[in-house]
Amino acid sequence: TYIVNDACIACKYTDCVEVCPVDCFYEGENMLVIHPDECIDCGVCEPECPADAIRPDTEPDMDKWVEFNRKYSELWPVIITKKDPLPEAEDRDGEEGKLEKYFS
Ligand code: SF4
Ligand code: F3S
């Protein structure tokens, strides 16, 4: 599966949702997540994210992010249409420690 990590927080560009063939992105206040059980591992969303927030779970130490994505995908509504990024997206892009600072 692929997951969204904290690089998405406070950016939320939403380019990713347009390409997902199974509509498995879910929208929170300031980030998206992928439902790990619905993702078919096609990989097409990964290069679409300007913030490089979409990663395969085959990278090291991904368990935390898989569980994070699962938890919130079951609480948040699905998103299938691209919308404007958050107003501070460019300023927040690439910033460290976004989970602690901005996640809501
Ligand atoms: Fe959707 Fe494919 Fe990305 Fe999984 S890897 S979230 S199926 S676009
Ligand atoms: Fe987030 Fe990247 Fe999608 S910033 S909303 S994962 S395009």
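Ligands are counted one by one from 1 in listed order, and the atoms in each one are counted from 1 as well. Throughout, numbering of the chain's residues begins at 1 and tracks the sequence.
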Report yes if some heavy atom in the side chain of [X] is under 4.5 Å from a heavy atom in the side chain of [Y]; otherwise report no.
| X | Y | result |
| --- | --- | --- |
| Ile9 | Met31 | yes |
| Tyr72 | Val4 | no |
| Tyr26 | Leu32 | no |
| Ser73 | Pro36 | yes |
| Asp6 | Phe103 | no |
| Glu48 | Glu18 | no |
| Ile34 | Phe25 | yes |

Problem set entry | Residue Glu59 excluded, over 12 heavy atoms near CD under 6.0 Å | yes

Nearest to [atom], what protein heavy atom do you find, and at what distance?
| atom | answer |
| --- | --- |
| atom 1 (Fe) of ligand 1 | Cys20 SG, 2.4 Å |
| atom 7 (S) of ligand 1 | Ile40 N, 3.4 Å |
| atom 5 (S) of ligand 2 | Thr14 N, 3.1 Å |
| atom 3 (Fe) of ligand 1 | Cys45 SG, 2.2 Å |
| atom 4 (Fe) of ligand 1 | Cys39 SG, 2.3 Å |
| atom 5 (S) of ligand 1 | Gly43 N, 3.1 Å |
| atom 3 (Fe) of ligand 2 | Cys16 SG, 2.3 Å |
| atom 1 (Fe) of ligand 2 | Cys8 SG, 2.3 Å |

Inset, instruction - Using a cut-off of strictly less than 2.8 Å, determine whether Cys49 has an N/O/S atom near atom 2 (Fe) of ligand 2. - result: yes

### Query
Is the distance between atom 4 (Fe) of ligand 1 and the nearest N/O/S atom of Cys42 smaller than 2.8 Å?
no

Proximal ligand 1 atoms for [X], defined as those under 4.0 Å from one of its heavy atoms:
| X | value |
| --- | --- |
| Val22 | 7 (S) |
| Val44 | 8 (S) |
| Tyr2 | 5 (S) |
| Cys24 | 1 (Fe), 6 (S) |
| Pro21 | 8 (S) |
| Phe25 | 6 (S) |

Partner of Asn69 under side chain to side chain contact (heavy atoms under 4.5 Å, CB included), picked from Ile3, Asp37, Thr1, is Ile3

In this structure, CG of Asn5 is separated from CG of Asp52 (nearest 0.5 Å) by 8.0 Å

d(Cys45 SG, Asp15 CG) to nearest 0.5 Å is 11.0 Å

Under a 4.0 Å threshold between the charged nitrogen and the carboxylate oxygen, would Arg92 count as salt-bridged to Glu95?
yes

Short version for Ile54: what comes under 4.0 Å of ligand 2, heavy atoms counted, is side chain

In ligand 2, the atoms that come under 4.0 Å of a heavy atom of Leu32 are 5 (S)

The atoms of ligand 2 lying under 4.0 Å from a heavy atom of Asp15, numbered in the order shown, are 7 (S)

